[in-house]
Amino acid sequence: MSEIIFHHYWTSPFSEKVRNIFGMKGISWRSVEQPTIMPKPHLIPLTGGYRKIPVMQIGADIYCDSQLILREVERRFPGPKGEANGISAPLGFWADRAWFPAGIPLIFSVVGDTIGEAFKKDREAMSGAPFDTDRMKQAVPLMREQFRAHTGFVEEQLAAHGDFLTGKPTVLDAQAYMNIWFLTSFVPQVAEPLLKEFTRVNAWAARMKAIGYGKHEKMAREEALAVAKGATSTTREQADPNEPNGLKPGQKVNVMPDDYGKDPIAGVLVASSLHEVAIRREHPEVGEVVVHFPRAGFWVLPA
Ligand SMILES: N[C@@H](CCC(=O)N[C@@H](CS)C(=O)NCC(=O)O)C(=O)O
């Protein structure tokens with residue numbers, strides 16, 4: 001198997017999830033650091049327009065979104081049956097879409113005035129909403145309450161199961177820990193008083209931190225593009241017999257996230273299944289690549 005090339009930046013919480021899984025499974029990987037804002041001239045040729053982080057590359061196969069990356073890592077490095085893809089996978093939606101948004105105002109109400117205009121403009125363009133630090137400051141009491149309640153779910157689960165959310169470290173721990181990591185790394189002065197009451201969460205967070213990220217070595221962005229260009233995708237054509245909208249291999253489609261950063265990615269369908277859609281596309285810098293997306297949380301539209 002070609003090596004795992006992970007496109008990320010170290011301050012990215014969605015990447016932290018995946019880095020933790022690399023650590024839990026003892027996986028070696030190559031680290032390609034991408035910019036935190038557009039333009040991303042060494043990522044877009046690979047993804048065809050998907051600009052979010054993280055992205056995992058294995059040869060000429062490109063996996064977008066942490067949800068699908070975790071699924072693919074599990075497929076290639078399987079752990080005990082059922083732990084990664086059962087209820088742990090959809091609980092990622094809880095961690096990403098219910099809990100994570102509560103952390104944003106808690107962090108940016110504090111650091112928002114010190115970050116550059118370019119970052120604010122970039123996030124406004126991506127979300128289609130103003131990056132308004134005054135509104136974030138107003139939202140802090142409500143969001144503090146939300147963040148606390150979600151942390152409380154984790155505390156209760158740890159009380160029932162011990163050191164990790166299901167007893168031993170799994171994807172579920174990584175999904176949830178992302179939020180604690182985000183708050184404690186960016187605004188420890190906010191995190192400390194808010195999380196003080198959660199003694200089990202604090203002890204668990206220390207255990208998660210100790211798991212680390214697995215062995216990783218830096219790779220230049222240009223080298224990652226060259227790897228794609230020199231490789232051939234290993235994805236086989238696959239039609240889903242239960243495909244709900246009649247999509248078939250060979251059909252031209254556009255794929256896009258349903259939440260923010262809704263840039264459509266155009267390609268020709270190669271394979272589709274319950275949890276994945278893969279499209280073929282070409283770019284002079286990378287040759288022919290196959291880009292993979294999850295189904296849940298993404299739209300696939302005939303072109
Ligand atoms: N659903 C995506 C969300 C990824 C996401 O929002 N990542 C943030 C960084 S943590 C991002 O891409 N921000 C915009 C950027 O970096 O350009 C996933 O699970 O991977």
Side-chain angles (χ1 to χ4, degrees), residues 4-22 31-57 62-74 84-85 88-104 106-108 111-112 115-116 118-129 131 171-172 174-187 213 221 255-265 275-277 291-300:
I4 290 186
I5 302 172
F6 190 57
H7 299 262
H8 69 135
Y9 43 84
W10 288 100
T11 53
S12 154
F14 286 87
S15 305
E16 182 70 6
K17 259 198 239 184
V18 181
R19 293 188 294 252
N20 286 153
I21 295 299
F22 292 153
S31 162
V32 178
E33 285 181 59
Q34 293 288 350
T36 55
I37 60 174
M38 293 293 274
K40 305 191 187 191
H42 299 93
L43 182 70
I44 300 302
L46 287 166
T47 64
Y50 182 83
R51 52 96 31 114
K52 292 189 209 173
I53 290 295
V55 167
M56 181 173 77
Q57 173 188 353
I62 315 296
Y63 299 89
C64 298
D65 193 285
S66 63
Q67 182 199 151
L68 183 69
I69 295 172
L70 294 177
R71 186 170 283 275
E72 184 59 23
V73 168
E74 187 59 29
N85 293 336
S88 304
L91 279 173
F93 278 85
W94 155 68
D96 297 2
R97 296 190 183 207
W99 188 0
F100 179 73
I104 302 282
L106 297 186
I107 293 169
F108 287 104
V111 303
I115 58 176
F119 182 87
K120 290 183 187 170
K121 290 263 168 302
D122 178 84
R123 292 307 190 259
E124 286 181 348
M126 180 175 77
S127 66
F131 193 101
V171 163
L172 184 55
Q175 315 258 41
Y177 174 63
M178 164 185 104
N179 287 306
I180 300 294
W181 175 85
F182 195 30
L183 199 72
T184 50
S185 352
F186 282 81
V187 285
Y213 303 140
R221 294 173 194 156
V255 183
M256 68 180 84
D258 72 359
D259 49 1
Y260 53 91
K262 293 182 183 175
D263 309 296
I265 301 99
H275 286 307
E276 185 173 336
V277 62
V291 192
H292 305 246
F293 301 93
R295 297 302 287 266
F298 278 74
W299 289 335
V300 186

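Both counts, for ligands and for their atoms, begin at 1 and track the order of listing. Every heavy atom of this structure was used, including side-chain atoms; hydrogens, water molecules and symmetry mates were not. These figures come from a predicted structure and were not determined experimentally. When a residue number appears, it is its place in the shown sequence, counting from 1.
- For the side chain to side chain contact (heavy atoms under 4.5 Å, CB included) with Y50, the qualifying choice from D65, L43, D263 is D65, the only one to do so.
- For H8, the ring pair (Phe, Tyr, Trp, His ring centres under 6.0 Å) partners are F6, W10, W29, not counting sequence neighbours.
- Contact check on E16 versus R19 returns a salt bridge, with a Lys/Arg side-chain nitrogen under 4.0 Å from an Asp/Glu carboxylate oxygen.
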Provide, line by line, the atom pairs where ligand 1 and the protein bring an N/O atom each to a distance under 3.5 Å; else say none.
residue	atom	partner	partner atom	Å
ligand 1	1 (N)	D65	OD2	2.7
ligand 1	6 (O)	Y260	OH	2.6
ligand 1	7 (N)	I53	O	2.8
ligand 1	12 (O)	I53	N	2.9
ligand 1	16 (O)	Y9	OH	2.5
ligand 1	16 (O)	K40	NZ	3.1
ligand 1	17 (O)	K40	NZ	2.5
ligand 1	17 (O)	R51	NE	3.0
ligand 1	17 (O)	R51	NH2	2.7
ligand 1	19 (O)	D65	OD1	3.3
ligand 1	19 (O)	S66	N	3.3
ligand 1	19 (O)	S66	OG	2.6
ligand 1	20 (O)	S66	N	2.8

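- The side-chain contact (heavy atoms from CB on, under 4.5 Å) search around I115 returns F108, F119, K120, F131, not counting sequence neighbours.
- With sequence neighbours left out, the ring pair (Phe, Tyr, Trp, His ring centres under 6.0 Å) criterion links H292 to Y63.
- One finds the CD atom of Q34 at 8.0 Å from the NE2 atom of H42 (value rounded to the nearest 0.5 Å).
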